[in-house]
Structures are given as C-alpha cells and as structure tokens.
Undergrad: 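Pasting a structure below so you can have a look.
For this chain, numbers begin at 1 and follow the sequence in order. Just so it is clear, the values below take in all heavy atoms, side chains as well, and ignore hydrogens, waters and symmetry mates. Please read all numbers here as calculations on a predicted model, not as lab measurements.
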Amino acid sequence: MKNFTLKQLRYIVTVAAGGSIAEAAEAHAISASSIREAIAFAEAKLAAPLFRRTPARGVALTAEGQHFAALAEQFLAAHDAFEHAALRIPHEWQTEMRIGVVATAAAAIIPPLLLHLAARAPQARFRLEEMSSEEVATRVRSGELLAGLAFNDAMTVDLSFVPIMRAPIHAGLHRGHRLAGAASVTLGELREEPYILLDFPGARAYYAGLFEQHGLKPALRYVVSSRELAAELVTAGLGYSLFNMPPSPRMRASEAMARVPLDTSYWCPSFGLFYARQYRAMPMIRELVGAVRNLRREFATRPVQ
C-alpha cells in the first residue's frame, strides 16, 4: 500500500482543526471529494475510523483520529522546520566554506582574497586546504570542496572557471645578476647557470616540457618544493629559478629577487577560481566570484617586482 503524502496529512489535520470537510476543501482550494479521498485512504491504511460523521455538525475525531492527527501535526511541523532550515543553507555564512588552493600560490592569493571577502561576509568561516591543481578540480567536482583556486590546466566541462591572472613564465634572478635589468631573457642565456627546480605535483613535467621545446637541458643543481625556498636560494646567489606565479609581497625574498619575463612561446596557464557549474547561483559562490574579480583588478595593476 502506498505511503501517506504530505498533502493527505495536511488535509486531515485541517479537517481535524475545523471539524468540516467543506471548510477544509475551501482552505486548500480543492474539491470536497479530494478531502474525502484522503480521509478514506488513511482509514483504509490504518483499518480504523478517524472521524465520526454527523449530518448537522460535520465531523469529529475518533480516539484513533485524535492520536493520528496529533502525530500528523508533529510530523508536518518537523517537515516545515526542515524545509525552512534547508532553504537557509546557501545563505548561512556561518557554514564552513572549504576551499582548495594550489600550495605554491596560497601565500600570494589567499590573504588578499580573504580581505575582499571579510567586508561582505564577516561571519564566514573558511577551511583552506593546499593541494595540486588536479586534486583541486577533482574535489570540486565531487562536492568535497565548495570551490578551488588553481591553474586551468585541470579544467573540465563540468566546472566553471573565473580567471584571476595569466601566469606567464618568468626567471627569478639575483638582483646583481647580469640580466636582472633585461626586458626579457631566453633559456639559452641561462643554460650554463645553476638551475633551481621548483618541484611540486605537475611542475616537474611542465618545466621539463619547456626545456624540451627549446631543445635544451638545464644545469640542474637544486630541487625544492616551495616558491619561498626557491626565492631564498635565488637571492642567496645560488642560481636561477623559473616561476609562473608572482611572489607574494609577504615573501621575505621577493624584494631581493629580480623577475625577468622568459622569451618563449611555451604554453602558459591562467590561475583562477574553480566551482561546479550547478552551484553558480549559490550566494557563497557569487560572493567568491565577486571577490575574485576584485582580486583580478588588483593583480592587473600590481607593478612587476
């Protein structure tokens, strides 16, 4: 036998409250026969009468009917509370927002992004997790993350992407380097110098492809996993490194390192915000997109260091 529907329960509770099938039909803007069908279904399912019918007085609850109506009222109240709470979920900034970010970009991107969000959502809580671009995309698609900040080399059709900046390759050089003031530099000009490889998921293959395209083999001397350490080695005069992202102003070595654009036709990715397309109407996503667009304008006007 079929289960009770919310409409049937609402009809019966209305009849119980008013003692009239006609008034219940008018309140719900349906026919009296629909009210009677709901009552008949419930009585057949329970094998017990819910109402006593009197021609002059309408209907009155039986003992079974009183019990049933009380349970129905409790259930409907709980259902209404659930719907109210569920509809507030996208608006509740108290909900923790889980955002993934490429580890090598976190220091440069996250602080200014959160500053933009702070004024719009002062009650928001954030859980920030560092990972590779591929993992960001995978976990955003699965719903494990609300959004992610990563390179678009992991882009797929089920995701939306809002760019913050293009990430062309530049060489990190010591300020005293002979090419530190050049407008650009080629890999050929650096081929004999010690190379500091920035190695994190995806980076080794990306930079290997760069050298391969130019038919060169670098003089690899150091392998590091963070932009901060790579910059420190450059400023110590230990060699040069290659970067996509600009250094964070908070990086101690950023002022002592010259950034010179690399003269290359090699593909450069864009960095930005990933989110699942089906969530684009969520208020939290709209706020993130707005903050990212503000951040894009800020990065566009930031001078090269």
Side-chain angles (χ1 to χ4, degrees), residues 79-168 200-206 209 225-227 243-246 248 267-300:
H79 177 268
D80 291 343
F82 160 77
E83 281 206 336
H84 178 74
L87 291 173
R88 284 186 55 82
I89 287 174
H91 305 275
E92 284 287 355
W93 281 99
Q94 287 79 10
T95 301
E96 185 175 79
M97 298 171 62
R98 298 188 67 182
I99 299 175
V101 59
V102 170
T104 56
I109 296 296
I110 290 299
L113 178 68
L114 294 183
L115 286 173
H116 281 293
L117 285 171
R120 299 295 300 271
Q123 302 302 316
R125 296 199 310 272
F126 300 89
R127 180 180 293 274
L128 308 169
E129 301 182 39
E130 297 181 339
M131 60 194 72
S132 68
S133 287
E134 183 177 351
E135 189 177 1
V136 166
T138 298
R139 293 174 68 181
V140 169
R141 279 197 299 271
S142 71
E144 188 177 349
L145 296 174
L146 174 68
L149 294 155
F151 294 103
N152 65 343
D153 54 356
M155 184 67 184
T156 55
V157 294
D158 53 341
L159 298 174
S160 289
F161 180 73
V162 183
I164 297 174
M165 68 179 80
R166 287 183 71 252
F200 56 88
R204 179 181 285 269
Y206 178 78
S225 59
S226 74
R227 293 166 64 245
F243 303 92
N244 282 110
M245 295 295 290
S248 165
W267 177 78
C268 68
S270 291
F271 185 87
L273 175 74
F274 281 96
Y275 63 90
R277 290 183 183 277
Q278 67 264 34
Y279 298 140
R280 60 183 176 273
M282 288 179 61
M284 289 186 287
I285 290 294
R286 291 202 299 266
E287 293 293 350
L288 275 172
V289 170
V292 160
R293 287 174 176 160
N294 287 335
L295 193 59
R296 180 168 61 201
R297 288 190 289 270
E298 177 182 313
F299 274 86

Undergrad: Evaluate side-chain contact (heavy atoms from CB on, under 4.5 Å) for R141 paired with D158, printing each intermediate quantity in order.
TA: CA-CA 7 Å; R141 279 197 299 271; D158 53 341; 2.7 Å; yes
Undergrad: Taking atom CZ of F161 as the centre, does the number of heavy atoms from other residues, nucleotides or ligands within less than 6.0 Å exceed 12?
TA: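 Enclosed: over 12 neighbouring heavy atoms sit under 6.0 Å from CZ of F161.
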Undergrad: Less than 4.5 Å apart, side chain to side chain, heavy atoms only: is that true for L149 and V102?
TA: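 Not touching, per the 4.5 Å side-chain cut-off.
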Undergrad: Return the minimal non-hydrogen interatomic distance between V136 and F274, and the atom names on each side.
TA: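 Here V136 and F274 meet closest at CG1-CD1, 4.4 Å.
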Undergrad: If you measure from CG on L128 to CD1 on I109, what distance do you get to the nearest 0.5 Å?
TA: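 The distance works out to 12.5 Å.
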Undergrad: Do L113 and V101 have side chains that get closer than 4.5 Å, going by heavy atoms?
TA: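 Counting from C-beta outward, L113 and V101 never come under 4.5 Å.
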Undergrad: Which heavy-atom pair separates G148 from I99 by the least distance, and what is that distance?
TA: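 Of all heavy-atom pairs spanning G148 and I99, the closest is CA-CG2, 4.4 Å.
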Undergrad: Between R280 (side chain) and I285 (backbone), is there a donor-acceptor pair under 3.5 Å?
TA: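 No: the side chain of R280 does not pair with the backbone of I285.
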Undergrad: Which pair of non-hydrogen atoms, one from V292 and one from P163, has the smallest distance, and what is that distance?
TA: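 Heavy atoms only, the tightest pair is CG1-O, 4.2 Å.
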Undergrad: Once rounded to the nearest 0.5 Å, what's the spacing between atom CZ of R293 and atom CZ of R297?
TA: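 The distance works out to 9.0 Å.
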Undergrad: Going through the checks in order, is the side-chain contact (heavy atoms from CB on, under 4.5 Å) test met by R127 and M97?
TA: CA-CA 6 Å; R127 180 180 293 274; M97 298 171 62; over 6 Å; no
Undergrad: How many angstroms lie between atom OG of S226 and atom CD of E130, to the nearest 0.5 angstrom?
TA: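 Reported value, rounded in 0.5 Å steps: 10.5 Å.
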Undergrad: Flag yes if more than 12 heavy atoms outside E134 fall under 6.0 Å of its CD atom; otherwise flag no.
TA: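 No - once you tally the heavy atoms of other residues, nucleotides and ligands closer than 6.0 Å, there are 12 at most.
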Undergrad: When you look at L146 and M282, which way does the side-chain contact (heavy atoms from CB on, under 4.5 Å) test go after all the steps?
TA: CA-CA 10 Å; L146 174 68; M282 288 179 61; 4.0 Å; yes
Undergrad: Counting N and O atoms only, with roles assigned by atom type, does the side chain of R277 sit under 3.5 Å from a partner on the main chain of L159, one being a donor and the other an acceptor?
TA: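 Here the side-chain-to-backbone pair exists.
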Undergrad: I'd like to know if the side chain of N152 and the backbone of P269 have a donor-acceptor N/O pair within less than 3.5 Å.
TA: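 Such a contact is absent between N152 side chain and P269 backbone.
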Undergrad: Without swapping roles, check the side chain of R296 against the backbone of M165 for a donor-acceptor pair under 3.5 Å.
TA: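 No, because the side chain of R296 does not come within donor-acceptor range (under 3.5 Å) of the backbone of M165.
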Undergrad: Is there a side-chain contact (heavy atoms from CB on, under 4.5 Å) between N244 and F271? Walk through the geometry before answering.
TA: CA-CA 9 Å; N244 282 110; F271 185 87; over 6 Å; no
Undergrad: Measure from the side-chain N and O atoms of S133 to the backbone N and O of F151, and report whether any donor-acceptor pair falls under 3.5 Å.
TA: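 Checked: pair present.
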Undergrad: Nearest 0.5 Å please: distance from the CG atom of L145 over to the CZ atom of R139.
TA: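 Here the interatomic distance stands at 5.0 Å.
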Undergrad: Which heavy atom in L288 sits nearest to a heavy atom in A147, and how many Å separate them?
TA: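 Smallest heavy-atom distance, with atoms named: CD1-CB, 3.9 Å.
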Undergrad: In Å, rounded to the nearest 0.5 Å, how long is the span from CE of M284 to OH of Y275?
TA: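 Those atoms lie 14.0 Å apart.
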